Amino acid sequence: MLIDTHAHLNFQAYDQDLAEVIQRCHQAEMKIINVGAALDTSQKAIELAKQENNFYAAIALHPIHVYDEEFEIINYQKLIDQHPKQVVAIGETGLDYFHLNEILKKGAASIKEIKIKQKQIFQEHIQLAKDNNLALIVHGRNGDDQNVYQDIFNILENNKYFKGVIHCYGGSLAEAKQFVQAGFYLGFTGVITFGPPSRKASEDQLIKKKKVVDKTEDLREIVKWMPLDKILIETDAPYLTPVPFRGKRNEPVNVKYVAEKIAEIKNKSVQEIIEITGQNAIKLFNLK
Ligand SMILES: [Zn+2]
């Protein structure tokens with residue numbers, strides 16, 4: 001079964017035409033996990049899961065939002081207690097070293113302080129997942145010269161909890177092996193479909209894009225290595241729209257292009273990839 005394990009139909013990007021986007025999901029006979037990034041979007045994800053068949057929710061305070069509101073673990077525990085059928089994961093939580101300077105403007109005293117706060121709140125999310133036997137949906141993003149994945153791994157190891165997925169994986173092959181061997185799943189998005197830069201681009205853009213292209217080449221190498229039973233597919237809609245719709249707003253039905261690219265890399269049929277990744281999601285998130 002086609003399953004988008006990470007979408008944000010709970011975000012404002014869908015305010016205008018949510019009903020139509022949902023309709024297209026149902027036509028594709030797929031399952032979707034909508035992922036919260038703060039208390040309000042977590043509640044919205046649950047609302048959607050109550051309204052729609054085959055919709056599920058993940059709840060958390062995203063690491064880029066740790067200065068936007070307080071993380072009160074009791075509020076999230078209440079949501080789990082009140083909606084046990086809808087809440088299938090804790091996420092997205094984790095560490096983000098890419099947006100540190102932006103977060104600094106929200107009133108943090110220093111980069112060091114932000115990192116400490118992200119780490120502490122991530123650990124509270126891990127505790128919440130552990131207490132409720134739920135999977136973690138982990139967000140990680142490297143900074144220019146700050147590697148996030150080793151820090152995430154160490155925190156998971158210190159807390160002895162390896163039930164979950166690193167969503168939109170963007171680390172190295174060595175780090176991928178470390179997570180998978182510990183029992184984690186890795187999530188792949190439309191980024192694996194991104195092609196080479198256009199010839200019309202300026203030199204500056206080319207240099208910038210070259211970095212991205214190098215990264216997507218690495219990702220394809222990682223997909224090639226990945227054991228099939230540890231791969232999840234996702235859109236991260238409204239972001240990261242795959243080719244051939246790159247540049248437009250993303251939506252869950254496009255997750256099939258991620259499956260197609262993985263099938264091509266793995267030399268398998270698309271149906272096989274859809275089935276295996278679907279089974280992986282059902283198992284990890286205990287989807288009914
Ligand atoms: Zn996301």
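If you're wondering where the values come from, they're calculated on a predicted model, not measured in any experiment. Ligands are counted one by one from 1 in listed order, and the atoms in each one are counted from 1 as well. Index from 1, following the sequence.
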Assess, by modelled atom type and distance only, whether the side chains of Asp4 and Thr235 contain a donor and an acceptor separated by less than 3.5 Å. yes
Are the charged groups of Lys224 and Glu221 less than 4.0 angstrom apart, N to O? yes
With the Zn ion (ligand 1) at the centre, find the angle made by NE2 from His6 and OD1 from Asp236, to 10°. 90°
Could Lys31 and Tyr56 be counted as a cation-pi pair, given that NZ or CZ must be under 6.0 Å from the ring centre and within 45° of the axis? no
For Asp131 and Gln77, test the side chains for any donor-to-acceptor distance below 3.5 angstrom and give the result as yes or no. no
For the Zn ion (ligand 1), the nearest N/O/S atom on Glu92 is atom OE2
Look at the N, O or S atoms of His8, main chain and side chain alike, and state whether any lies under 2.8 Å from the Zn ion (ligand 1). yes
